[in-house]
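Here's the structure, in structure tokens; my notes come after.
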Amino acid sequence: GETDAKKDEL
Amino acid sequence: NAIRLAGDMSHMASFFVLLFKINKSKSVAGISLKTQELYVLVFCTRYVDIFWNHLSLYNSLMKVIFIALSVMIVYVMRRGVPQRSTYNPELDSFPHHWLVLPCVLLGVAINQDPTSPFEMAWAFSIYLEAVAIMPQLHMVQKHGEAENLTSHYIFLLGLYRVFYLVNWVYRYMTEDGYWQAIVWVSGAVQAVLYLDFFYNYVKSKQKD
């Protein structure tokens, strides 16, 4: 989802 | 994207440079245990989603590697013989509690989902990472000058941050609706902390 886009970064 | 990969690689390289340094010189003099322990806290609070978020093998594998390497560094600094006897607690005197406490409060107050403990922990880890290098920078200042490998280590950490900043600009331009205020502001603060170090690092390399 949109709010989780950041979680693909370390 | 390649910029982010470059960031992850310099980040990972920084761990290996530090591990190499403390294994080869058998000394942790000039290395801040506080900074290293803060990084363990940063990774353990950020990567709890390793148990339910499986975005890619790369993502999960890197999380495990970052936690393992940061724990390994703290382990050698605390338990390693002879490393543990070379630690200078009197120089590692930055009041780190004053970093953790505001980050806890900020993490609870400003996050992406106030109903989710995970989002609080995640935001906390972002805030703490931004300032976790401060005990190490403080130690370098007290020491006068950092050893070569120690300064390479700090440089790689700063470089990782710069790559991530460029990566965010790139993602903002290429991905529709990509917008991460918490991460960007914290990342910018983190980068600013390295400016003085970068300046001295480049200057001393020119002298060499």
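What you see below is based on every heavy atom in this structure, not just the backbone, and it leaves out hydrogens, waters and symmetry mates. Below, chain A is the first sequence line, B the second, and so on; all start at residue 1.
- Contacts of residues 39-50 of chain B with chain A at a heavy-atom distance below 4.5 Å involve B/R46, B/Y47, B/D49, listed in sequence order.
- For the pairing with A/E9, the salt bridge (Lys or Arg N to Asp or Glu O under 4.0 Å) check across B/R4, B/K63, B/R171 returns one residue only, B/R171.
- Using a 4.5 Å cut-off between non-hydrogen atoms, no part of residues 16-37 of chain B approaches chain A.
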Expected list for residues 182-193 of chain B: side-chain donor-acceptor pairs under 3.5 angstrom, two or more places apart:
from   : atom 1 : to     : atom 2 : distance (Å)
B/S186 : OG     : B/I182 : O      : 2.7
B/Q190 : OE1    : B/R161 : NE     : 3.2
B/Q190 : NE2    : B/E129 : OE2    : 3.3

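- With a threshold of 4.5 angstrom between heavy atoms, B/W168 approaches chain A through side-chain atoms but not through N, CA, C or O.
- In this structure, chain A has heavy atoms under 4.5 Å from both the backbone and the side chain of B/N59.
- Here B/T115 pairs with B/D113 under the side chain to side chain donor-acceptor pair (under 3.5 Å) rule; sequence neighbours left out.
- Rounded to the nearest 0.5 angstrom, A/L10 CG and B/Y58 OH are separated by 5.5 Å.
- The environment of B/Y170 atom OH is sparse: at most 12 non-hydrogen atoms of other residues, nucleotides or ligands sit within 6.0 angstrom.
- Residue-environment remark: NE2 (B/H97) stays at or below the threshold of 12 foreign heavy atoms within 6.0 Å.
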